[in-house]
Novice: 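First the structure, then my questions, so here it is.
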Amino acid sequence: MEYNFRKIEEHWQSEWKKNEVYKVSNDSPKPKYYVLDMFPYPSGAGLHVGHPLGYIASDIFARYKRLKGYNVLHPMGYDAFGLPAEQYAIEHGIHPAVSTDQNIKNFRAQLDKIGFCFDWSREVRTSDAQYYKWTQWIFLQLFKSFYNRKTQKAESVESLINIFAEEGNINHPIPNSQFVIPNPQFQIRNSQFSPTQWSSFDEFTQQTILMEYRLAYCGYGEVNWCEALGTVLANDEVINGVSERGGYPVVKKKLRQWYLRITEYADRLLEGLEKIEFSDAMKEMQSNWIGKSYGAEIEFEVKSEESGVGSLRVYTTRPDTIFGVDFMVIAPEHELISSFKTKEQKQAVDEYVAYVKSRSDRERQAEKKITGCFTGAYAINPFNEKEIPIWISEYVLAGYGTGAIMAVPCGDERDFKFAKHFNIPITNIIGKHYNGEEANPTKDAVLENSDFLNGIVMRDAIEVANNKIEELGIGKKKVNYRMRDAAFSRQRYWGEPFPIIWNNGIAYPLDEKELPLILPEVEKYGPGPDGEGPLANLKDWAHVSLSSGEGRGEVLRETNTMPGYAGSSWYFLRYMDPHNSETFCDRKVSDYWGQVDLYIGGTEHAVGHLLYSRLWTKALHDLGYIGHDEPYKKLVNQGMIQGSSRFVYKISWHGFFKTDFDVSKLPIILVSKSFRDGFVHNQQEIIQLLDKAISDILIGIGFVPNFVIMDLHVDVNIVDGVELDINEFKKWRNGEYADAKFILEDGKYICGSEVEKMSKSKFNTVNPDDLVTRYGADTFRMYEMFLGPVEQSKPWDTKGIEGVHRFLKKLWRLFYDDLKGKVWNDEKANDAELKVIHKTIKKIEEDTERFSFNTAVSAGMIAVNELGDLKCHKKEVLEKLLIILTPYAPHIAEELWHQLGNTGNILDAAYPKSEERYLIESTKNYPVALNGKTKSELNISLDATQQQVEEIILANETVQKWLEGKQPKRIIFVKNKMINVVT
RNA sequence: GCGGGUGUGGCGAAAUUGGCAGACGCAUCAGACUUAGGAUCUGACGCCGCAAGGUAUGUAGGUUCGACUCCUAUCACCCGCACCA
């Protein structure tokens, strides 16, 4: 009986399905464990071998935990809204729901073949109305809430209104300090109002103010606008100021957008990092992204050719350097530019601003060239009346701080380069610490040229300067965050509609009873007018007449839709209670499952999804809907599987031909790698061989035209290692190369190779289906793990899968011989065998616990090799081996488990215990080193003391030979490790 | 420009706390079995060297009895980004 993996896997997959063995209950006496994979977008391209890596890891862990006696939740579903489906709809007229559904079917079929233990009865899709009903509902909760800075949590806007009526907003200032209350008739200073003023505001003013507090709010933001496409583009869709698709110009445009007020949660998101198990790198990325900084906002009077142009407020983390300020830089978007600029500089400023407007944020970021423009205006240093020129440059961003900085070239590298480039004189305030060659960002220098700060160490001067600034009333201390509020709307079709209606510029929430607000059908998926989304084209849908409730009358629906991360910010809660029609997730159920215990996914979500879902969790927690305020207890980041591309080398003719010579008549010639390498490196012998080979092929033409050699990607699936399968190649791409001629080496065509991102266009994708068909799911799963540590990126190479497949065949042969049939028996295991199995239990258990799945697979291989050497076919030993391997290779383990006469699912067996008594050793082969270099080995009892070891060592002939009669200075002995003789 | 990560044989890797570098597997080579082998088994396999031995974890230094592991500098590659004052 041989290992028939196809039959076995098919059989058990259908058994598992039939018996619902992976169905999980919300009610169990067992402890719970929640294993989650990052929400996949079902792309039309299907799975390649890189995708299931994380799913296999989580599946192994889920099965392992179940063996360990946990009630394990391991769900899967789809982040089904997304741009690709919409783009496909625009191009092919297919409804995104239709193509998405098709993609999900393919995706599911691919997943099923790998034998995952997902509880599919809990599947969710974000595009299902029964799912997005609750996404809309949570949005409404955010809309109806504000962040109470006093209590440090989200509370209802209703309670805020009560506070305003009683005490105004004196204790609850508007989060955006730049905000100006619109209606001048109320004469509000610093956006602070009293209870009387509050009640005197009209509804529009009140609502406009409340909008400034809501956790989900509507505002205006700049986007990449492409007029020709009539649509908004993401940064990476803009290249050199034009659209990636079509190459049309792209400009900045202000559009009405929804936002989530994530900045109010900045501190809690930062603090929360301390109580969750994310990698240090991940925590660092998140805290850098949040970017909390302590500094000061300082107000500078501005002098331009006209008086009364106002003042400039800058944000700085280094107020101690105030006397080293040689110029100011303001963002090109800064509102005050038009009042600052002088007549003389007007043209230059306008041109510069227009130039920046054409550039994407990404380009502004990556720009090495120093650009900028003088406004003609000067800021006055309040301490010494010095006139400081005000410049504009793209390196200052409008969205951070006040959009203006004070530049200190002796202390900041970027400011220094800017000053040098524009010949701005540099003031030195740190004496010898500044060498004139480069800036020195130190905080430890003693200040000079700094008036009242002279002689103070910079680090201490920060506080002194801050106090002085506050004392003089020219500024105040300020904590700033690099993070900005999260844009929460898209001018697109395929997303959740907002449950919002507009009446006279006021946004009203839809009654919760009216949810879900169904995404309507549209005739075309193209953009609406004036940068609005496709929903704006639906006049009948967008215009509604409401007879009752808030905002009654002739009203307009919100036509933006929610972004991709809306549905994925809370899906882990819906999995707990996926079919509940009363609430998004029953509180009792979320209290049972609580946090996700293990979350596996890529680092690409470091600062997007992982921050947004943490925000939603905190808000839902504050509002009392769930009991925990961090969604994930532990996060493991899987590395990327890169593609390993293969190349063929094609002769490309170029040069002069007689006019009647038809180049296209020349055959396609492909040369093997050595010829190409010799040609590229100009090795004469190889070039001669190549010329000879070509002229043999071109016989009858009489000469060899000039040529170059082109590298072409070839499908990795028709290359065995690096050897091209010529027959398959001739059939490839509909026979494009059917008549090609080949110049071989040793009778083979050798391809070049390179590690690149896995993608269809590079022909380096490998489909898991093919591998499962050839080797089986168990082999595929184990090989994905065997490739290397999950966290690390590594290139895919199909070749190595044979080794893992051989391992499973060897495992099978411990039970069944191809000729003899059953070989397993009920004999009693001996010490050697027990030692092997207990050592392996320990190793695989420890490795699985620390997510070192690659070494666990090796441990399995070693065990099978050793049991093979011992000719051990004993059920007592093999049964244990099956249980510890079942998370990795569930099908073969289940089959053999039953072959051994067991009934019931192997996952319900108990994980075997490794017993130390089988592992105890009495002696060890100690490596003996001379001055740290290992020279030989000595077998010494583990009980030996330092003194005994020294005696043994000194008595040893080999050691005496090295010593050449000298006494060693020291003998270092580390028990159970090594011995080092120092001379 | 900023942030994060990774560099070990021909290849994927291992070395869990500073203690025998290269476990395990691929590829390669040699052999056994066989009518046959793309099955199976045995052995060799970092590099230089016939060997003794030397040398080796991106590069250059340092700490240590001892460094893939810790420190400093530097180079290369990969990923992310909202140029964060």
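Just so we're on the same page: letters track the sequence lines, and every chain starts at 1.
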Novice: Can you identify which nucleotide, out of B/A85, B/A13, B/C81, has its nearest atom closest to the A/Arg318 side chain?
Specialist: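 It is B/A85.
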
Novice: Sticking with atom C1', work out how far B/U57 lies from B/C68, rounded to a whole angstrom.
Specialist: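 The same atom, C1', in both gives a distance of 5 Å.
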
Novice: Just one of A/Thr855, A/Val857, A/Thr779 clears the side-chain contact (heavy atoms from CB on, under 4.5 Å) bar with A/Phe786, so which one?
Specialist: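 Answer after filtering A/Thr855, A/Val857, A/Thr779: A/Val857.
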
Novice: Picking from B/U40, B/C83, B/G19, which would you name as closest to the side chain of A/Asn980?
Specialist: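 The answer is B/G19, which lies nearest to the side chain.
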
Novice: Side chain of A/Pro789: nearest nucleotide among B/A85, B/C83, B/A14?
Specialist: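 Of B/A85, B/C83, B/A14, B/A14 is nearest to the side chain of A/Pro789.
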
Novice: Between B/G22 and B/U16, how many Å separate the two P atoms, rounded to a whole number?
Specialist: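 13 Å, rounded to whole Å.
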
Novice: Taking the side chain of A/Met285 as heavy atoms from C-beta outward, which of B/U40, B/G4, B/C20 is closest to it?
Specialist: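 Nearest to the side-chain atoms of A/Met285, counting from C-beta on, is B/G4.
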
Novice: Enter the distance from A/Phe851:CZ to A/Glu791:CD here, rounded to the nearest 0.5 Å.
Specialist: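 Answer rounded to 0.5 Å: 8.5 Å.
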
Novice: Does NZ belonging to A/Lys253 count more than 12 external heavy atoms closer than 6.0 Å?
Specialist: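 Result for NZ/A/Lys253: enclosed.
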
Novice: Scan side-chain atoms only and decide if A/Thr798 and A/Trp796 contain a donor-acceptor pair under the 3.5 Å cut-off.
Specialist: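 Yes, A/Trp796 and A/Thr798 have a side-chain donor paired with an acceptor closer than 3.5 Å.
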
Novice: Measure from the side-chain heavy atoms of A/Phe786 and tell me the nearest of B/G25, B/C83, B/C79.
Specialist: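 Nearest listed nucleotide: B/G25.
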
Novice: Could you say whether A/Pro927 or A/Glu846 is positioned toward the 5' end of RNA chain B, judged by the nucleotide with the nearest heavy atom to each?
Specialist: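 The answer here is A/Glu846.
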
Novice: Taking only the P atom of each, what is the distance from B/U72 to B/G54 in whole angstrom?
Specialist: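 Straight-line distance between the two P atoms is 33 Å.
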
Novice: Is it the case that A/Tyr294 and A/Asn466 place a side-chain donor and acceptor less than 3.5 Å from each other?
Specialist: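 No - no donor-acceptor pair under 3.5 Å links their side chains.
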
Novice: Within a radius of less than 6.0 Å around NZ of A/Lys417, do more than 12 heavy atoms belonging to other residues, nucleotides or ligands occur?
Specialist: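 No, not enclosed.
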
Novice: Any donor-acceptor pair, under 3.5 Å, between the side chain of A/Lys810 and the base of B/U40, if you only look at N and O atoms?
Specialist: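 Between B/U40 and A/Lys810, which were checked side chain against base, a qualifying N/O pair under 3.5 Å is absent.
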
Novice: A/Asn288 side chain: which of B/G19, B/G3, B/G12 is closest?
Specialist: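 Nucleotide nearest to A/Asn288's side chain: B/G3.
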
Novice: Return the nearest nucleotide to the side chain of A/Val974; candidates are B/G12, B/A15, B/G19.
Specialist: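 The nucleotide sitting nearest to the side chain is B/G19.
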
Novice: Side chains of A/Asn865 and A/Lys810: do they bring a donor and an acceptor to under 3.5 Å?
Specialist: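 Looking only at side-chain atoms, A/Lys810 and A/Asn865 do form a donor-acceptor pair, the distance falling under 3.5 Å.
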
Novice: Looking only at side-chain atoms of A/Ile862, point me to the closest of B/G12, B/G4, B/C24.
Specialist: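 Among the listed nucleotides, the one closest to the side chain of A/Ile862 is B/C24.
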
Novice: Which nucleotide in the set B/G12, B/A82, B/C79 lies at the smallest distance from any side-chain heavy atom of A/Met640?
Specialist: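 Of the candidates, B/C79 comes closest.
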
Novice: Measuring only the C1' atom in each nucleotide, how far is B/C45 from B/C79? A whole number of Å is fine.
Specialist: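 Pairwise C1' distance, B/C45 against B/C79, rounds to 36 Å.
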
Novice: So if I take every side-chain heavy atom of A/Trp289 and compare against B/A15, B/C81, B/G25, which nucleotide ends up nearest?
Specialist: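 Taking heavy atoms from C-beta onward, the closest nucleotide is B/C81.
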
Novice: Name the pairs: protein N/O against N/O of nucleotides 26-29 of chain B, kept only if under 3.5 Å.
Specialist:
unit_1: B/C26; atom_1: OP1; unit_2: A/Arg806; atom_2: NH1; d: 2.4

Novice: Between A/Lys843 and A/Gln792, which has a closest nucleotide on RNA chain B that is more 5'?
Specialist: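 Between the two, 5'-proximity favours A/Gln792.
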
